[in-house]
Amino acid sequence: MLILTRKKGEKILILDSIEITIIESDKNKVKLGIKAPKTIKIIRDELLKNIRDFNVNSSQVNPDILEEAQENLKYFK
Amino acid sequence: MRIKTSKFGEVDFDEKSIINFPNGIYGFENERKFIILNFGHKDFFWLQSLTNPEVSLLITEPFWFFPGYDEILKNKLFSFKINPNRYMVFTSVYISRKEKRIFSNIAAPFLIDKNRSVGIQLIIDELKEITNIDVIENLKKTYIKKSC
């Protein structure tokens, strides 16, 4: 892992098309500005983990549970 | 064609209904080929992997419980210069075992190109707080709004 120390306003360049700017920083958090082509996915790590976990949970649902849950939906249909 | 699935036993399907996910889906990045199964439920389907019989996600089209989703998705796709009408849209669903609460991840829909049978899971960053919306609670809110 490359570890760099940057001050507010300073930038980091990745490949030739990704630019990260330190916009603000304080004791507990850092605000980053990221310029990148639209084709490059930029994502908060915990969001990716949430999405992965949800997919995995979704794959663990059994058909019988769906049947039982459908009862709850009857009131709305 | 026929495959074995762990939830539904052996399933017959038309080769033309195979959907290719070139990047897989989150959590199952190596699964690239899927079909969508339906067993008579109006709103619920299963995204079944063809290469791993155990991978079968419960999915739904979210518009019936989230009426504003159409707009949100259109805006997002326009920003990528993608025509929303070319896609079928599904969101993954989880049902809690005890209480049978139904949740859906509307922040990461599956988009399937109808013509080319290609799919991706798109992350809508603006919805990052709603990775597991409670479907029934949302339906209740929708009905309350309507009756006011």
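Numbered from 1 within each chain, the chains take letters A, B, ... in sequence-line order.
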Counting only heavy atoms closer than 4.5 Å, note whether [X] contacts chain A via side chain, backbone, both or neither.
X	answer
S104(B)	backbone
I102(B)	side chain
E99(B)	backbone
F28(B)	side chain
E54(B)	backbone
I25(B)	both
F103(B)	both

Membership question, hydrophobic clusters at under 4.5 Å side-chain separation (ILVMFWY): are [Y] and [X] in the same one?
X	Y	answer
I51(A)	I124(B)	no
F45(B)	L122(B)	no
V55(B)	I3(B)	no
F21(B)	I43(A)	no
Y94(B)	L37(B)	yes

E46(A)/K128(B) under side chain to side chain contact (heavy atoms under 4.5 Å, CB included): CA gap, chis, key distance, verdict: CA-CA 10 Å; E46(A) 68 277 7; K128(B) 67 179 187 295; over 6 Å; no
Side chain to side chain contact (heavy atoms under 4.5 Å, CB included) assessment of N50(A) paired with Y26(B): CA-CA 10 Å; N50(A) 282 345; Y26(B) 295 107; over 6 Å; no
Distance, nearest 0.5 Å, that separates CG of L127(B) from CG of L47(A): 10.0 Å
Among T91(B), L58(B), N105(B), side chain to side chain contact (heavy atoms under 4.5 Å, CB included) partner for S58(A): L58(B)
Qualifying residue for side chain to side chain contact (heavy atoms under 4.5 Å, CB included) with K100(B), from Q70(A), E68(A), E67(A): E68(A)
Portion of L66(A) that has a non-hydrogen atom of chain B nearer than 4.5 angstrom: both
Test side chain to side chain contact (heavy atoms under 4.5 Å, CB included) applied to F54(A) and T131(B), step by step: CA-CA 8 Å; F54(A) 197 101; T131(B) 54; 5.6 Å; no
Answer yes or no: does atom [atom1] of [X] have more than 12 heavy-atom neighbours from other residues, nucleotides or ligands under 6.0 Å?
X	atom1	answer
K81(B)	NZ	no
R6(A)	CZ	yes
E15(B)	CD	no

Residue pair F110(B) / N55(A), side-chain heavy-atom distance below 4.5 Å: yes
Within-4.5 Å side-chain heavy-atom neighbours: W46(B) and V61(A): yes
Residue selection (most heavy-atom pairs with chain A, distance under 4.5 Å) from D125(B), V135(B), I59(B), L47(B): D125(B)
Side-chain (S59(A)) to main-chain (S56(B)) donor-acceptor, under 3.5 angstrom: yes
K41(A) side-chain N/O to I123(B) backbone N/O, donor-acceptor pair under 3.5 Å: no
Intermediate values then yes/no, side chain to side chain contact (heavy atoms under 4.5 Å, CB included), L73(A) and F44(B): CA-CA 12 Å; L73(A) 285 172; F44(B) 293 99; 3.7 Å; yes
